[in-house]
2 protein chains.
Amino acid sequence: MAISVHSSRRDELVAQAARLFSERGYHGASMQDLAEALGLLRGSLYAHIGSKEDLLFDVANQGAVRFLERGLAAAAEAGTPPERLRAFLGAHVETAIEHLDAGTVFMNEWRYLSPALRTKIQDKRDLYESTVRDLLTEGQRSGHFRADLDVSLAARLVLSAGNWVYAWYKPDKELSPQEIGRGYADMLIRGFEEGP
Amino acid sequence: MAISVHSSRRDELVAQAARLFSERGYHGASMQDLAEALGLLRGSLYAHIGSKEDLLFDVANQGAVRFLERGLAAAAEAGTPPERLRAFLGAHVETAIEHLDAGTVFMNEWRYLSPALRTKIQDKRDLYESTVRDLLTEGQRSGHFRADLDVSLAARLVLSAGNWVYAWYKPDKELSPQEIGRGYADMLIRGFEEGP
DNA sequence: CGGCAGCAAACAAACGGTCGTTTGGCGAGC
DNA sequence: GCTCGCCAAACGACCGTTTGTTTGCTGCCG
């Protein structure tokens, strides 16, 4: 007897959709593909979902929520701004790698959502980015980061590092998520700090 | 009499394909869409191309060649390793922004190529990345960069910054490509250099 | 100068196949 | 006995591609 890790059939659907959308892209993965992965006919999927786009939203939203929850928690920890930025980066990289599929869809495929649904994801992205900006601004005020740091650009740099992980990380890699996050944080924070 | 900026009809096809593939994705853009953009019927396109995949390869390869030409030239300039890294980053960001469409396809859609064609793009990507690694290694030997710098990870960081530009840059932005490249270089190089 | 060959470009129509989605029925388990 | 999960079949639309034909030019030859 197979024990499912999913609490419901729908969760299983979303998980397989995440895998397929990340591998082949939203438009490149068909309902046929998804049904085959689950051992069903494609019409049968519509007992569980409203439309293909619903699935895309669920996958992208799941990715967004995971990044937000862990990232915001890390940024709100006790410690100096550099310490919290380090924790944030670590959380981001770990989340990206633990949930590579949903993360890839969150980064790559969310833009194919219709405007109404896309907005909901965009809001979460904006909140996430502003968290980084706030952290950097706070670090400036506390004197940890250079006063002439361009906060918007630095935030983009931090997120670029984290967001591109999905594009090159292979699960059998030598480096662990923790090592990657720590390495990135070392280089970036040193670049943000006051010089000698 | 209208003067075309394209040397041939095929170039015009590739340019429109770049735009559509970057906007809607390779699988999301149909030959119908492309034909309409050119004022043709979709069958007529096949007088100029062999297949849709040919177009994807042409667009992705065009992007790859542009990055390679400018990036390798910048890395081979006279100057110290930090200066050349700065030139490289500037060239990359400028290229990414000047050719946002082809660059986006080069970053996002190239993976949908069949293995034979994908390999040709992958080779160019590998060459590009190794150029950054060599530059960083040289900077270590010359004493400009920290001896304990993880060169592979630092190279990934540089490329992440540059590769993610297409994902957030909007042409009406306040920051010029030069300013972005310079800002990234300031932060990154400071992070790579020997401490006090 | 007239006519005709050669050419590239595009149309018109069709190919087999796949797309996402809907509907009606049916069997198994609470 | 009723609900839930799935099947079977079908829907119209669209997919990428092929084919045969028409169009409008261009340059050459008589």
Side-chain angles (χ1 to χ4, degrees), chain A residues 1-21 23-60 105 109-118, chain B residues 1-21 23-60 105 109-118:
Chain A
M1 149 185 178
I3 297 178
S4 172
V5 297
H6 301 285
S7 60
S8 75
R9 199 88 169 98
R10 185 168 215 281
D11 290 351
E12 209 171 337
L13 260 167
V14 174
Q16 288 294 334
R19 190 178 58 81
L20 285 167
F21 290 168
E23 277 174 12
R24 313 182 189 183
Y26 175 62
H27 292 294
S30 69
M31 300 302 279
Q32 177 94 278
D33 296 333
L34 180 56
E36 274 171 18
L38 292 157
L40 301 180
L41 301 189
R42 63 190 193 287
S44 309
L45 300 171
Y46 288 82
H48 306 280
I49 63 164
S51 68
K52 190 187 182 186
E53 194 186 14
D54 283 358
L55 271 177
L56 177 57
F57 177 77
D58 279 4
V59 173
V105 173
E109 311 294 328
W110 72 290
R111 62 200 185 100
Y112 301 123
L113 286 167
S114 60
L117 293 175
R118 191 172 56 231
Chain B
M1 150 185 181
I3 297 178
S4 170
V5 297
H6 300 287
S7 59
S8 76
R9 200 85 171 99
R10 186 168 215 280
D11 289 352
E12 210 172 336
L13 261 167
V14 173
Q16 288 294 335
R19 190 179 59 81
L20 284 167
F21 289 168
E23 277 175 12
R24 313 183 188 183
Y26 175 62
H27 292 295
S30 69
M31 298 303 279
Q32 178 92 277
D33 296 333
L34 180 56
E36 274 171 19
L38 292 157
L40 301 181
L41 300 190
R42 63 192 194 285
S44 309
L45 300 172
Y46 288 82
H48 306 278
I49 62 163
S51 69
K52 190 186 182 188
E53 194 187 13
D54 283 359
L55 271 178
L56 176 57
F57 177 78
D58 279 4
V59 174
V105 173
E109 311 294 328
W110 72 291
R111 61 199 186 103
Y112 301 124
L113 287 166
S114 60
L117 292 176
R118 192 172 55 232

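Worth knowing before you read on, the calculation uses all heavy atoms, side chains too, and leaves out hydrogens, waters and symmetry mates. In what follows, chains carry the letters A, B, and so on, assigned in the order in which the sequence lines appear, proteins first and then strands, with residues in each chain numbered from 1. Note that this is a predicted model, so its numbers are computed, not measured.
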For B:A37 and B:Q16, work out which heavy atoms get closest and say how close.
CB-OE1, 3.7 Å
Starting at CG of B:L45 and ending at P of C:dA12, how long is that distance when rounded to a whole Å?
15 Å
Please confirm whether the shortest side-chain N or O distance from B:R42 to OP1 or OP2 of C:dC11 is below 4.0 Å.
no
To the nearest Å, how far apart are B:L34 CG and D:dC14 C1'?
16 Å
Short side-chain N/O contact from A:S30 to OP1 or OP2 of C:dT18, under 4.0 Å:
no
Nearest heavy-atom approach of B:A60 to B:V105 is N-CG1, 4.3 Å
side-chain N/O A:Y46 vs C:dT22 OP1/OP2, d < 4.0 Å:
no
Find the distance A:K52:NZ to C:dT22:P and express it as a whole number of Å.
15 Å
Proximal nucleotide (of D:dT17, C:dT21, C:dC11) relative to the B:L41 side chain:
C:dC11
Per side chain to side chain contact (heavy atoms under 4.5 Å, CB included), B:D33 is matched among B:E23, B:R24, B:R42 by B:R24
Looking at every strand, decide which applies to B:G39 at a 4.0 Å heavy-atom threshold: base, sugar-phosphate, or nothing.
sugar-phosphate
Without decimals, in angstroms, what is the distance between A:R10 CZ and D:dC4 P?
16 Å
For A:A29, which contact category applies under a 4.0 Å heavy-atom criterion: base, sugar-phosphate, or nothing?
sugar-phosphate
Rounded to the Å, how far apart are A:M31 CE and D:dA13 C1'?
17 Å
If you assign each of A:G43 and A:A47 to its closest nucleotide in DNA chain D, which residue comes earlier from the 5' end?
A:A47
Please give, in whole Å, the distance from D:dA8 P to A:L40 CG?
12 Å
Please state whether the phosphate of C:dA10, meaning OP1 or OP2, lies under 4.0 angstrom from any side-chain nitrogen or oxygen of B:H48.
yes
When the ring planes of B:Y26 and B:Y112 are compared, do they come out parallel, tilted or perpendicular, using 30° and 60° as the limits?
parallel
5' priority, DNA chain C, between A:S44 and A:Q32 [closest heavy atom]
A:Q32
Rounded to the nearest 0.5 Å, how far does CG of A:L13 lie from CG of A:L55?
6.0 Å
If I take atom CD in residue A:E53 and atom C1' in nucleotide C:dG20, what distance separates them, rounded to the nearest angstrom?
12 Å
Tell me: CG of A:D33 to P of C:dT18, nearest whole Å?
11 Å
